[in-house]
Amino acid sequence: MNQITIGVVGSGLMGVGIATQAALHGYPTIVHDIDATRLASVGAKAEAILDELIDAGVFNADGKRDVLARIETTDQLERVATAGFIVEAIPEVLELKNRTYRALEPLLRDDAIFASNTSGFPPDLLAQVLQNKARFVIAHFWNPPHTIPLVEVVPGTATDPDVTRRTAELMTAIGMEPVVLTKAIPGFVGNRLQFAVLREALAIVRSGAATPQVVDAVMKASLGRRYGMVGPLESADLGGLDTLLDIGSHLMPELAKDEDVLQLMREHVQNGRVGVRSGQGFYEWDDAQHARVKAGRKRLIHHTAKKTGKHS
Ligand code: NAD
């Protein structure tokens with residue numbers, strides 16, 4: 001798939017992240033949006049990502065101009081449709097995605113792969129409006145792609161296995177760490193694990209047993225570190241399945257299940273505390289709090305670059 005052009009539909013948070021990652025790894029990239037303001041800010045946003053990589057010492061500033069030159073922007077759907085691999089990253093609204101797919105499909109090249117970065121719509125649901133369902137696959141990136149390398153590649157029931165394989169290969173080629181699911185389930189794998197943890201974290205805070213700060217400190221000093229090295233099932237093997245079975249037998253029934261675990265989050269949202277965007281959520285987002293996260297991201301970028309190779 002080398003020399004293939006990558007098309008990105010939607011130049012929001014994910015679209016720019018994906019396009020920058022592709023351009024960083026040498027791929028000509030075309031980004032399309034219907035919003036001229038968003039489109040005009042693609043270069044500056046891509047540059048900010050590259051600056052973060054430069055600041056972390058994993059990308060040479062001399063290469064910045066070349067990477068940015070590989071990112072073309074267009075307000076024309078026809079232009080992005082000339083790419084060999086197109087990934088859709090428009091808002092998670094089914095009707096909008098349906099409408100865009102109907103307009104895009106007749107313009108696509110016969111040999112093009114069409115992927116969606118949807119967070120949760122099943123591939124068969126999205127493919128319903130497509131004539132050619134065999135070339136459609138989900139490529140679920142995480143935010144931000146230059147820091148979190150996972151891409152969940154999720155085929156629908158009609159997806160050609162060759163499309164799935166080539167998509168995973170392309171993801172590796174742009175420095176990502178793809179996994180291929182056997183079949184689609186809601187939330188795929190990553191978000192199911194994320195929300196299982198979040199459900200328990202919310203229930204603990206609500207029970208009064210620990211503050212948000214303590215819950216997060218526990219995660220960062222224990223599971224967060226372990227999971228960077230071994231996954232939960234490898235970890236279970238290491239701990240001993242017989243031991244884990246004993247613990248799980250009395251602990252699993254205690255975990256959050258039926259109660260409305262989203263209640264705590266709902267209260268915050270109703271009070272205008274939506275997190276970073278409003279400056280308050282579980283935390284007060286002052287300069288010190290931002291600086292802590294920024295320092296953590298820098299460490300993570302180092303670690304990711306060590307695993308997937310420096311960019312320059
Ligand atoms: P966003 O709102 O930041 O960006 C969406 C972009 O799509 C906007 O620039 C908008 O102008 C553009 N757009 C809207 N309609 C369009 C159309 N018809 N044609 C072309 N462009 C159009 O959204 P985002 O956070 O980048 O999310 C995009 C997709 O990626 C969603 O499906 C989302 O669920 C998924 N996703 C998001 C994240 C995340 O953390 N934000 C992570 C993984 C996946």
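Residues H146 and E52 bring a donor and an acceptor atom of their side chains to less than 3.5 Å of each other. For the residue pair N98 and E95, no side-chain donor N or O sits within less than 3.5 Å of a side-chain acceptor on the partner.
E105 has no carboxylate O lying under 4.0 Å from a charged side-chain N of K133, or vice versa, which leaves the two without a salt bridge. A salt bridge does not link R70 with D66: none of the charged nitrogens is closer than 4.0 Å to a carboxylate oxygen. Note on R135 versus D160: no salt bridge recorded, every NZ/NE/NH1/NH2 to OD/OE distance being 4.0 Å or above. The existence of a salt bridge linking E267 and R273 is excluded, since no basic side-chain nitrogen approaches an acidic carboxylate oxygen closer than 4.0 Å.
Distance alone, capped at 3.5 Å, is enough to place a donor-acceptor pair between the S278 side chain and the G272 backbone. A donor-acceptor pair under 3.5 Å is formed between the side chain of T167 and the backbone N or O of V163.
The shortest side-chain heavy-atom distance between L125 and L94 falls under the 4.5 Å cut-off. No side-chain heavy atom of P178 sits less than 4.5 Å from a side-chain heavy atom of E169.
Atom OG1 of T82 and atom CD1 of I30 lie 3.5 Å apart (nearest 0.5 Å).
Summarising the local packing, CD of E284 is surrounded by more than 12 heavy atoms from other residues, nucleotides or ligands at distances under 6.0 Å. Residue R109 places its CZ atom among more than 12 non-hydrogen atoms of other residues, nucleotides or ligands, all under 6.0 Å distant.
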Show the numbers, then the answer: is there a side chain to side chain contact (heavy atoms under 4.5 Å, CB included) between I174 and Y27?
CA-CA 8 Å; I174 64 166; Y27 286 82; 3.7 Å; yes
Could you go step by step and tell me if L24 and L50 meet the side chain to side chain contact (heavy atoms under 4.5 Å, CB included) rule?
CA-CA 8 Å; L24 192 57; L50 297 178; 3.7 Å; yes
Worked check of side chain to side chain contact (heavy atoms under 4.5 Å, CB included) between V31 and T74:
CA-CA 6 Å; V31 183; T74 179; over 6 Å; no
Using the ring-ring contact (aromatic ring centres under 6.0 Å, His included) rule, take Y101 and F136 through it: C-alpha gap first, then chi angles, then the decisive distance, then the call.
CA-CA 11 Å; Y101 289 18; F136 181 74; 5.7 Å; yes
Steps toward side chain to side chain contact (heavy atoms under 4.5 Å, CB included) verdict (N117, V8)
CA-CA 10 Å; N117 183 47; V8 183; over 6 Å; no
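Residue pairs satisfying the salt bridge (charged side-chain N to carboxylate O under 4.0 Å, His left out) criterion with at least one member in residues 200-226, sequence neighbours excluded, are listed as follows: R206-E259.
Each of E92, H140, K97 was compared with T118 under the side chain to side chain donor-acceptor pair (under 3.5 Å) criterion, and only E92 meets it. Partner of D51 under the salt bridge (charged side-chain N to carboxylate O under 4.0 Å, His left out) criterion, out of K298, K45, K64: K64 alone.
For R266, the salt bridge (charged side-chain N to carboxylate O under 4.0 Å, His left out) partners are D260, not counting sequence neighbours.
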